[in-house]
Amino acid sequence: MQIQTPIRVPSWFSTRRHLEQKLTDLHKCTDLNQVKQLHALIYKTHLHDDLFIVPKLMSAFSISGKINLVVNVFNQIKNPNVHLYNALIKAYVRSCESKKALSVFVEMGNFGVFGDNYTYPFLLKAFSGELKFSFVKMVHAHIEKLGLYADVFVTNGLIDAYCKCGVMGVVEARRLFQVVENKDVVSWNTMIRGLVKLGEIGEARKMFDEMDEKDTYSWNSMLDGYAKTGKMNVAFELFERMSLRNVVSWSTMVMGYCKAGDIEMARMLFDRMPVKNLVSWTIIISAYAEKGLAKEAIGLYKRMEQEGLRPDNGSIVSMLTSCAESGMLGLGKRVHGSIERFGYKCCVEVNNALIDMYAKCGNLSRALSVFEGMMSRDLVSWNVMIHGLAVHGQGEKALHLFSKMMQEGILPDTVTFVGVLCACCHAGLLDEGVHYFYTMEREFGVVPEIEHYGCAIDLLGRRGRLQEAVSLIDEMPFEPNVKIWGALLGACRKHNAVGLAEEVQRHILKFESTDAGTFSMLSNIYAAAGDWDSVSSSRLRVKRTGSRKRSGVSSIMLDDGGYEFSVMDTSHPNSEEIYQMVGDLSHHLKQLSSLPNAV
DNA sequence: CTAGGGTTAG
């Protein structure tokens, strides 16, 4: 039986030893209130400059996202040692402030504090999204000077960082991999991953085969490599040989079959997965959405919700992007509902994807209202909205938005100008477009790419300034592609420039395109000029080369799925009734339009 | 330090 202490004491009033025990796991504490209480306790017991406790406190605040508290605690310390600097760097990395992480590193150097085996992996992770070869080389030099090669974490971090720097980086990584003495599974896996990401799957396979202690990471990296390059038969062969398959292995296979267009196989594997998680659901739903299979996509989305899974930011963005590609408004709206319900409204990427989805599905007003309701917008938000307006023929509104964007101090990039020029093309704002093309580099520092030239040639051509369009093609620092010549050919058609059209045609033929669109364009040009002999000879050429113009298709989404139809299409089982209805409708419309008040 | 899904153009 236990004896109760007669006097109740406040919980913080305990021996230092007791307190230290309480603080052992402080750095893992995720409850902010508890951390704050412990912080007060630390203050009261004069432990706020203890070099073992303070880094833990910093880490705890950093987990809760309280970067300013981390900095406050750090600033209390007169002569911070390497552990404190590490904690601060790590905190900045966690809150995605890589620039600040770097400046802390520079600062510690200025105070004569050397980095240790923790500092460098943090620093490399800070820039993991945008690693420059020269930066990694610099870090490498530091590591070598300080003799930190003995730590696998350091060398693995370095190998990983090099692998993220493209071809040059991977060469350096492989050299390092060979030089380094202590290697573990992670070193091998990192190297294999780097090769896979670079597309060097053969080299990756060689290393994989050499490995004797492969783990699930190694197998999964290979699966990913084969899945991304469409080699599903090889991927499947490996998959079958795996002894320890996990969710990632299954999901990678499902994704691979989706990418290869074999959604049936993907679905079969998905149904057989022993454990599904959010990523697996996202992959299969996105695949159905991309294919326009609305019924399946929405059904699976419902089932996912029933299983109690909430989509996260990544999942939402992925599904919305797929909806945008196939024009699937139904699922898009449902996902929008989840965004509202689960409070993702402040995530910029989610809103950007939402705007794009609504715009691509033709619901401009909803796109606009999402755009206007955003608390903060980034460059992509403006770009998608401008482009959305542009392709819907709302050129003036798009340009208005463009000027508003600059008023708010956002600098346009190369994508912005594709949207701006596209807006001018679609809305017939020819002179404005030509003006933007000629000033984009001088005034905004955005160097025109081939897409911008394409728009400019289209604009000049439509205006009838054919000579200028031709000289622009000569001047441009790119080899003209089919699209460039196509734009010029369109201009020839509009302005009956038969001679030039024939010349353009010769260029287009060099591309050995089987698309007969250009042939029929040329024959239309002859027809407009009244040159009927040439019309028939060019039509003959279409027949002789066996090229066919892929006819345009329209699609429509109904409750039970998507339908495609084209000219003279009789593939639908009820096509007879459909044509009957269309006939009735157009008859009805004709009658209406003959009335005096017809619009 | 290593594995699967992730916003804009063409």
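The sequence lines fix the lettering, A, B, ..., with proteins before strands; numbering per chain opens at 1. Here the structure is a predicted model, which is why all the values come from computation and not from measurement.
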| query | Hey, mind stepping through W281(A) and F270(A) against ring pair (Phe, Tyr, Trp, His ring centres under 6.0 Å) and telling me if it holds? | reply | CA-CA 8 Å; W281(A) 284 95; F270(A) 177 80; 5.1 Å; yes
| task | Take F417(A) and F437(A) through the test ring pair (Phe, Tyr, Trp, His ring centres under 6.0 Å) and record every step on the way to the result. | result | CA-CA 8 Å; F417(A) 278 102; F437(A) 176 76; 9.7 Å; no
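Residue V317(A) is classed as a sugar-phosphate contact, given heavy-atom separations below 4.0 Å to backbone atoms only. The residue K276(A) sits apart from the nucleic acid: no heavy atom pair falls under 4.0 Å. Residue contacts for V384(A): at a heavy-atom cut-off of 4.0 Å it reaches the sugar-phosphate backbone alone, with no base atom in range. If you check every strand for non-hydrogen atoms under 4.0 Å, D413(A) touches nothing. When heavy atoms are screened at a 4.0 angstrom cut-off, D184(A) is found touching no nucleic acid atom at all. Note on K197(A): only backbone sugar-phosphate atoms sit closer than 4.0 angstrom, heavy atoms only; bases stay farther off. Within 4.0 Å (heavy atoms only), K360(A) reaches sugar-phosphate atoms of the nucleic acid but no base atom. Within the nucleic acid shown, T321(A) comes within 4.0 Å of sugar-phosphate atoms alone, with no base atom in reach, counting heavy atoms only. Nucleic acid contact for N351(A): none, since no nucleic acid atom lies under 4.0 Å from a heavy atom of the residue.
Side chains of E340(A) and H336(A): a donor on one and an acceptor on the other come within 3.5 Å.
When every heavy atom of C165(A) is checked against every heavy atom of A161(A), the shortest pair comes out as SG-O, 3.4 Å.
Counting only distance, with no hydrogens or angles, the side chain of K214(A) and the backbone of M211(A) share a donor-acceptor pair below 3.5 Å. Judged by distance alone, with hydrogens and angles left aside, the side-chain atoms of S59(A) form no donor-acceptor pair with the main-chain N or O of P55(A) at under 3.5 Å.
Ring geometry for H140(A) against Y149(A) counts as tilted: the plane angle lies between 30° and 60°, on a 0 to 90° scale.
Sorted by residue number, the members of residues 247-257 of chain A with any non-hydrogen atom under 4.0 Å from DNA chain B read V247(A), V248(A), S251(A), T252(A), M255(A).
Rounded to the nearest 0.5 Å, atoms CG (L364(A)) and OG (S369(A)) are 11.0 Å apart. Distance CD1/I484(A) to CD1/I450(A): 4.5 Å, rounded to 0.5 Å.
The span of DNA chain B lying next to chain A, judged by atoms under 4.0 Å from heavy atoms, is bounded 5' to 3' by dC1(B) to dG10(B).
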